[in-house]
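Side chains included, hydrogens not; waters and symmetry mates left out as well; all remaining heavy atoms used. In this chain, numbering begins with 1 at the start of the sequence shown.
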Amino acid sequence: MSWSLSRMARYVFQSKYLQQLKENDELCYNVFEKSSFLMFSRDRPLLTVKMAPESAMVWTPFSETIDYCKDLKKTSVLLTIDESTEDTPIFACRIDDPNQGEMIGKKFDGNFTDMRSAIFTLPEEQSNLVSRAFTLLNWNQKMNFCPSCASPLKRNASGTVRMCTKPCDPRKVNNYPPTFPVAITRVTDQSDEKTLLVRQPQYPRGMYTCISGFMEPGETLEDSVRREIAEEAGIVVENVKYFQSQSWPLPQNSLMLGCTAVAMPDSEKLSIDENELEGAKWFSKAEVKAGLVRIQENPFLLIKNSSGDFIPPPKGALAHQLLQNWVSNYYTFNRWYDLHWSKL
């Protein structure tokens, strides 16, 4: 990533300004009328109607948003600072009447979209932003009482902290949204020519993905990876390495920690946990390449896959990036796709 000096200076300024808005209620309340808003209805964000190749979030001004969210200043949550401006904050809010959703969508040329679809069709930065909005709105709705003394909690202006009104314990005055770490791992065999993928009953027909599981208290990331794979697939892995991370709001505020690992010699025979998995298989690189092409050519296979052919998770999922990286052979997937898809 190449950044100019002016862009770096703007990023630092906006980061510091965002922190000030979180910490200074008066400052935060004073910027509402010049801010932009992302509206939600029944946990669905307002996105542009077009769905290809990518969606985009619909931002609305204060003057129009308040028509559909009367307590805008008391219920909105602060997300970020608009990168295209110097100091325009962006908030998320819920509309008062979900029955107005269709009318609002038509007015702003958008559609209140299922969160899973939103994550898979938005560009990465917007996907992370809509995940943050979903998490903060739900957390503020549910977090009403102090977990230590059950006294009512009050929120700050930005909706990023909830404070005990008693307070019962000076060390526990502030409550913040929790994050739940999940390890998701691409497991390969010793030859690096096969990868282990699994499926659960609720997955779309033909879809397999990488093994994942919540980390337990006191575990390192490496310990979590080894334990989860042993539990679910009955194999032992080594050479655990970190790949990249992804925010994932469903069903709760998770941080997906992407990893890679290698099955130990003589540990490739599977013994799956049938309470967790419907199936598990070793896939060759050719099979994974074909699946990546298949889902790129027709994303709607996630909805209807009549043939039942193997498909990986869609582009917005970290598992997709793990698999794409594996088959790319150090070229970008798009270049590989242009050069080789017709040869499969």
Donor-acceptor contact present, side-chain T121 to main-chain S117, <3.5 Å: yes

Note, E219 side chain near R227 side chain (heavy atom, < 4.5 Å): yes

Side chain D71, main chain K74, donor-acceptor under 3.5 Å: no

Under 3.5 Å donor-acceptor, Q126 side chain and A56 backbone: no

Shared hydrophobic cluster for L72 and L46 (ILVMFWY, side-chain gaps under 4.5 Å): no

A157 backbone acceptor or donor facing D25 side chain under 3.5 Å: yes

Spacing of CD belonging to E232 relative to CD belonging to E274, to within rounding of 0.5 Å: 12.5 Å

Contact check, side chains of Q244 and Q321, non-hydrogen atoms, under 4.5 Å: yes

Test item: N144 and L153 side chains (from C-beta on) under 4.5 Å apart, heavy atoms: no

Min side-chain heavy-atom separation V225-C259 under 4.5 Å: yes

Test salt bridge (charged side-chain N to carboxylate O under 4.0 Å, His left out) applied to E238 and R226, step by step: CA-CA 8 Å; E238 60 184 355; R226 286 189 285 265; over 6 Å; no

Main-chain N/O of P123 paired with S127 side-chain donor or acceptor, under 3.5 Å: no

Distance (rounded to the nearest 0.5 Å) between E287 CD and K194 NZ: 10.0 Å

S247 versus L255, closest heavy-atom pair with distance: N-CD1, 4.4 Å

Distance-only side-chain donor-acceptor flag, T60 / T65, under 3.5 Å: yes

Atom pair NZ/NE2 of K315 and H320 - distance to nearest 0.5 Å: 7.5 Å

NZ/NE/NH1/NH2 to OD/OE distance under 4.0 Å, E83 and R10: no

More than 12 heavy atoms of other groups within 6.0 Å of Y11 OH: no

Main-chain N/O of V161 paired with N156 side-chain donor or acceptor, under 3.5 Å: yes

Non-hydrogen atoms of T165 and P152 that approach each other most closely: OG1-O, 2.7 Å

Joint hydrophobic cluster, L322 plus V182, side-chain heavy atoms closer than 4.5 Å: yes

Residue pair T260 / W326, side-chain heavy-atom distance below 4.5 Å: no

Verdict with supporting geometry, T48 and D109, side chain to side chain contact (heavy atoms under 4.5 Å, CB included): CA-CA 6 Å; T48 52; D109 192 26; over 6 Å; no

Same apolar cluster: Y203 and L301, side chain cutoff 4.5 Å: yes

Spatial distance of atom CD1 (I66) from atom CZ (F37) [nearest 0.5 Å]: 8.0 Å

Reported CG-to-CG distance for the pair L122 and N128, which is rounded to 0.5 angstrom: 10.0 Å

Min side-chain heavy-atom separation V187-W282 under 4.5 Å: yes

Greater than 12 external heavy atoms within 6.0 Å of E102's CD: no

Donor-acceptor under 3.5 Å (R199 side chain, M207 main chain): yes

Residues, nucleotides or ligands: over 12 heavy atoms within 6.0 Å of D266 CG: no

CZ on F91 to NZ on K73, rounded to 0.5 Å: 10.0 Å

Verdict with reasoning, D87 to K34, per side chain to side chain contact (heavy atoms under 4.5 Å, CB included): CA-CA 9 Å; D87 59 355; K34 72 171 188 178; 3.2 Å; yes

Side chain to side chain, V236 and S267, heavy atoms closer than 4.5 Å: yes

Side-chain donor/acceptor of S224 to backbone N/O of L221, under 3.5 Å: no

Close side-chain approach of F214 to E228, heavy-atom, < 4.5 Å: no

Closest heavy-atom pair and its distance - P178, N253: O-ND2, 2.9 Å

Sequence-distant partners of P249, side chain to side chain contact (heavy atoms under 4.5 Å, CB included), two or more places apart: M115, I119, S131, F134, T135

Exercise: do Y68 and K107 side chains pair donor with acceptor under 3.5 Å: yes

Step-by-step side chain to side chain contact (heavy atoms under 4.5 Å, CB included) determination, V77 to T160: CA-CA 7 Å; V77 294; T160 56; over 6 Å; no

Hphob cluster co-occupancy, W248 + M215, side-chain heavy atoms under 4.5 angstrom: no

Same apolar cluster: L136 and V130, side chain cutoff 4.5 Å: yes

Near-ring test F40/F112, centroid separation under 6.0 angstrom: no

Side chain to side chain contact (heavy atoms under 4.5 Å, CB included) assessment of R44 paired with T113: CA-CA 5 Å; R44 294 170 175 246; T113 305; 5.7 Å; no

Distance-minimising heavy-atom pair for R186 and C210: CA-SG, 4.1 Å

Non-hydrogen atoms of L27 and Q20 that approach each other most closely: CD2-CB, 3.9 Å

Shortest non-hydrogen contact from R132 toward L79: NE-O, 3.4 Å

Side-chain donor/acceptor of S254 to backbone N/O of M256, under 3.5 Å: no

Polar side chain donor-acceptor pair, R94 to N140, under 3.5 angstrom: no

Any donor-acceptor N/O pair, T85 side chain to D82 backbone, under 3.5 Å: yes

